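Bear in mind that the values here come from a model prediction, so they are computed numbers and not experimental data. Here is how names work: the chains are called A, B, and so on, in the same order as the sequence lines, proteins then strands, and each is numbered from 1.
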Number of protein chains: 2
Amino acid sequence: MGVSILVVDDEQSIADLIEVYLKNEGFKVCKFYNGQDALKCIMSEQLELAILDVMMPDIDGFTLCQKIREKHNFPVIMLTAKEEEIDKITGLTLGADDYMTKPFRPLELVARVKAQLRRFTKYNASEPFREEKLIEFSGLVLNKDKHVCTLNEKPMALTPTEFSILWVLGSNRGRVVSSEELFHEVWGERYFINSNNTVMVHIRHLREKMHDSAEHPKYIKTVWGVGYKIER
Amino acid sequence: MGVSILVVDDEQSIADLIEVYLKNEGFKVCKFYNGQDALKCIMSEQLELAILDVMMPDIDGFTLCQKIREKHNFPVIMLTAKEEEIDKITGLTLGADDYMTKPFRPLELVARVKAQLRRFTKYNASEPFREEKLIEFSGLVLNKDKHVCTLNEKPMALTPTEFSILWVLGSNRGRVVSSEELFHEVWGERYFINSNNTVMVHIRHLREKMHDSAEHPKYIKTVWGVGYKIER
DNA sequence: TTAATATATTAAGAAAATCTTAAGGTTTTA
DNA sequence: TAAAACCTTAAGATTTTCTTAATATATTAA
């Protein structure tokens, strides 16, 4: 039985996106496209965390957050509009434990969710934010702190973008990551207007540096019509 | 016996929220919803840090800060409104050591509090905390007490800012420190509005004094798109 | 097999980040 | 108070990285 997370966003595509990512991490997701339904859920269900969009037509996220706070103290993460518009809602997100501005990186949201849950469950957490800092597999080591990468103990110089891409693929080993998703994670944009060729070029550079080929890749494999993946 | 922190905000929910987070970290919290009561506390209590909201009906945060500065020099963190409005009040935050704009992430505030306390205790040698006073590596010795530096036994004159930067990099050997982080550690203020060029110029001066080059640096290495680092 | 679609490769120009230099302003020191 | 030391800013140069666009190759489906 997993942890239950409430997700509320009137933009269905976003709510759906979040749902996919959270389910992928083994969370139980209660998803709603409006505040009314979410409110019922808050009253009846046993929840461990809530992700609320601030701007919603019927009941806004702030009100929802207040409702939650009347009875519960589990973590609440708010999704707010772009920075520019934040001044309109200044102070209102304060009941929340964390907030993210749209567009956001899905994996970052997942990381925040986990961080908040850690905090909440063991109510002492002296480390504010403990992210994964190291990825290791098949002779490849990625060290985020040092921003350094080695392949079979030999240093491999990577540009920032290359490092990011490899990091995303490496932390999703065994799963196919689409170009679009890669774009979200690395560039942080919600939609990628540019052709995905940019991603492709970076992939190529990565393969080159890893002495990998597109035909018989050892590391980054192409999954036709879907995306790229690194085996577990 | 923990560290005492003053928290003043007329928005009760915010003050309460901060209190929860600080207590969770083992701090002793003196919380007030108005300036008057806080003022009394400042006079009578032994405090180590203060978090003040700028906008308050009776006594605003600036005035409180001034009152504090008349007698104490412990760190003060201001909570201000949105960025745009800050320009108007830029000069006024001068008494403060750091400030955060609303809405903020509670965990970030906690991190800032800890950073300020670190800074403060460093300069108050009598404090119970025992910090590292000496850094030694690859022929470089930094002595914090004497604020003196030698390179291969030869004295190397450093300005205060240069010393601080080198200290931060030296005590984080092996890890990349972003310009933003450097700025925060050394200047203690919020991230620069202008450009990080100031940091860059200091880095250049440091390299010059260490007979280091930007192209093939022996000490301070540039990690593109991330920051600077000194190898372990 | 062929057309249609998806991915790869390449190289060059654009963009971004960093470096350098020097001048002017501020603070500290004598 | 003047001189010296220090810090910041600004502009342009340089380096590195990213994106674009054109072309090539591979895969799929008809």
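Taking atom CZ of residue B/R204 and atom P of nucleotide C/dT20, one finds them 5 Å apart after rounding to whole Å. Remark: P of D/dT19 and CD1 of A/I203 are 13 Å apart, rounded to the nearest angstrom. The separation between A/E180 atom CD and C/dT7 atom P is 13 Å, rounded to whole Å. The nearest whole Å value for the distance from the CD atom in A/E162 to the P atom in C/dA17 is 16 Å. Rounded to a whole Å, the CD1 atom of A/I220 is 15 Å from the C1' atom of C/dT9. Atom CH2 in A/W224 sits about 4 Å away from atom C1' in D/dT27, given to the nearest Å. If you measure from atom CE of A/M200 to atom C1' of C/dT9, you get 11 Å, rounded to the nearest angstrom. Remark: C1' of D/dT16 and NZ of A/K209 are 11 Å apart, rounded to the nearest angstrom.
Phosphate contact (OP1/OP2 of C/dC19, side-chain N/O of B/R207, threshold under 4.0 Å): present. Taking only side-chain nitrogens and oxygens, B/T198 never comes nearer than 4.0 Å to OP1 or OP2 of D/dC7. Taking side-chain N and O atoms only, B/T222 has a distance below 4.0 Å to OP1 or OP2 of C/dC19. Put simply, B/T159 has no side-chain N or O that comes within less than 4.0 Å of OP1 or OP2 on D/dA5.
Of the listed nucleotides (D/dC18, C/dT18, C/dT10), C/dT18 has the atom at the smallest distance from the side chain of B/Y228. For A/A214, the listed nucleotide lying nearest its side chain is C/dT9; candidates were C/dT9, D/dT8, D/dT15. Comparing D/dT17, D/dT8, C/dT10 by their nearest atom to the side chain of B/V201 picks out D/dT8.
Taking the nucleotide of DNA chain D with the nearest heavy atom to each of B/H202 and A/L158, the more 5' of the two is matched to B/H202. Mapping B/E208 and A/E208 onto DNA chain C by nearest heavy atom places A/E208 closer to the 5' end of the strand.
Looking at B/E48, its side chain does come within 3.5 Å of a backbone N or O of B/S4 through a donor-acceptor pair. A/N152 contributes no side-chain N or O that, together with a main-chain N or O of A/K154, makes up a donor-acceptor pair within less than 3.5 Å.
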| What's the verdict on salt bridge (charged side-chain N to carboxylate O under 4.0 Å, His left out) for A/K218 and A/E231, showing C-alpha distance, side-chain angles and the deciding distance? | CA-CA 9 Å; A/K218 189 182 162 207; A/E231 295 296 354; over 6 Å; no
| request: Might you work through the side chain to side chain contact (heavy atoms under 4.5 Å, CB included) test for B/Y219 and B/H211, ending with a clear yes or no? | output: CA-CA 10 Å; B/Y219 294 100; B/H211 313 292; over 6 Å; no
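Counting atom types as modelled, A/N197 pairs no side-chain N or O with a base atom of C/dA8 as donor and acceptor under 3.5 Å.
For the pair B/K229 and A/K146, the tightest heavy-atom approach, listed with the atom from each and the gap, is NZ-O, 3.2 Å.
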